Undergrad: 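Take this structure, written in C-alpha cells, and hold onto it; I'll ask about it next.
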Amino acid sequence: MNKDATLDAKGLMCPMPIVQLAKKVKEMNSGQILELLADDIGAKEDVPAWCNRTGNQLLGTEAEGIVLKFYIKVK
Amino acid sequence: MAEKLCIVVSEGSFDKAIMSLMLATTGASMGLEAHVFYSFFGLKLLKKGTKPKLPGIMKPFTFMMTGKMKKMKMPGYQEMLQQAIDLGVNLYACSTTMSLMNVSESDLVKGTKVLGASAFLNMAADAKVNLFIG
C-alpha cells in the first residue's frame with residue numbers, strides 16, 4: 001500500500017504505540033497515509049478504536065508474523 | 001468541544017500511579033480532554049521527584065517491576081508524568097489534602113493546578129467518563 005510515512009512502534013507496550021501514533025498524525029497533513037508497525041497484542045483492538053474515536057480512517061491491516069501493520073489515512 | 005475524561009486518584013502506590021497516568025495519557029491521545037484529581041494519599045504522586053512504590057508487603061519488590069518495565073521500554077514514573085503534561089493532561093492537587101499533609105504548591109511538579117472538590121466536581125458533572133482509582 002502507498003504510504004507517506006512509517007511509524008515503527010515495535011517493542012512498545014500499551015499505551016505507547018497510541019501515544020506516538022497520535023503525536024505522529026498531528027505532524028502529518030490531511031489525506032496522507034501513515035503506516036504503523038506494532039507488536040503489542042493490544043494494538044489489534046486499540047488502533048481501530050483510536051481511529052474510530054479520532055476520525056482518522058483505517059484503510060487496512062496486515063499481519064507479518066507477530067508484527068501488525070496498520071494503514072491510516074490522516075483526517 | 002472535546003469530551004471529558006475525569007479520574008480521581010486516592011492512593012499513592014505504584015500501581016495506582018501508573019494506571020491513572022496510562023489512562024489519562026491514552027485519553028488525551030484519543031482526543032479526550034483528560035483531568036486527573038489527586039486526593040489523600042494520591043497527592044504525593046504529584047510531588048517533585050516522587051518514586052512510587054508497590055503497596056504493602058510488596059513494597060521491597062518495586063525494583064523488580066520497574067526493572068522489568070525498563071526492559072520493556074516503558075517510561076519511568078517521572079517521565080510518564082512529564083509526558084502526560086506535554087500531551088495536555090490536566091493534573092490537579094486537592095487543596096484540602098495539601099493543607100492536611102503540609103504540602104505547598106512549590107513541592108508539586110510544575111504544571112499542576114490546585115483545586116477544591118467543587119471545581120473538580122463541576123468538571124466531572126459533564127464528563128463522559130469518570131473513573132475512581134483508589
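Basis for what follows: all heavy atoms, side chains included, without hydrogens, waters or symmetry-related copies. Everything quoted here is computed from the prediction, not taken from an experiment.
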Undergrad: Taking the side chain as every heavy atom from C-beta outward, state whether F120(B) and V8(B) have any pair of such atoms under 4.5 Å apart.
TA: yes
Undergrad: Roughly how far, to the nearest 0.5 Å, is OG1 of T6(A) from CG of L34(A)?
TA: 7.0 Å
Undergrad: Taking atom OH as the centre, does Y71(A) end up with more than 12 heavy-atom neighbours from other residues, nucleotides or ligands that are less than 6.0 angstrom away?
TA: yes
Undergrad: Walk me through whether D4(A) and V74(A) qualify under side-chain contact (heavy atoms from CB on, under 4.5 Å).
TA: CA-CA 10 Å; D4(A) 298 294; V74(A) 177; over 6 Å; no
Undergrad: If we only count heavy atoms from C-beta on, is the L81(B) to L91(B) side-chain gap below 4.5 Å?
TA: yes
Undergrad: Within the 4.5 Å heavy-atom criterion, are E35(A) and L37(A) side-chain neighbours or not?
TA: yes
Undergrad: Select one option (side chain, backbone, both, neither) describing which atoms of M72(B) are under 4.5 Å from chain A's heavy atoms.
TA: both
Undergrad: Which bit of L23(B) comes within less than 4.5 Å of chain A, counting heavy atoms only: side chain, backbone, both or neither?
TA: neither
Undergrad: Do I18(B) and M69(B) have side-chain heavy atoms sitting under 4.5 Å apart?
TA: yes
Undergrad: Report the option among I18(A), V25(A), V19(A), L12(A) that has the most heavy-atom pairs separated by less than 4.5 Å from atoms of chain B.
TA: V19(A)
Undergrad: Applying the 4.5 Å side-chain criterion to the ILVMFWY set and letting contacts propagate, would M22(B) and F37(B) be lumped into a single cluster?
TA: no
Undergrad: Contact part of C14(A) toward chain B, heavy-atom cut-off under 4.5 Å: side chain, backbone, both or neither?
TA: backbone
Undergrad: For chain B against chain A, give me the donor-acceptor pairs closer than 3.5 Å, one per line with atom names and distance.
TA:
residue, atom, partner, partner atom, Å
W50(A), NE1, S29(B), O, 2.8
R53(A), NH2, E3(B), OE1, 2.1

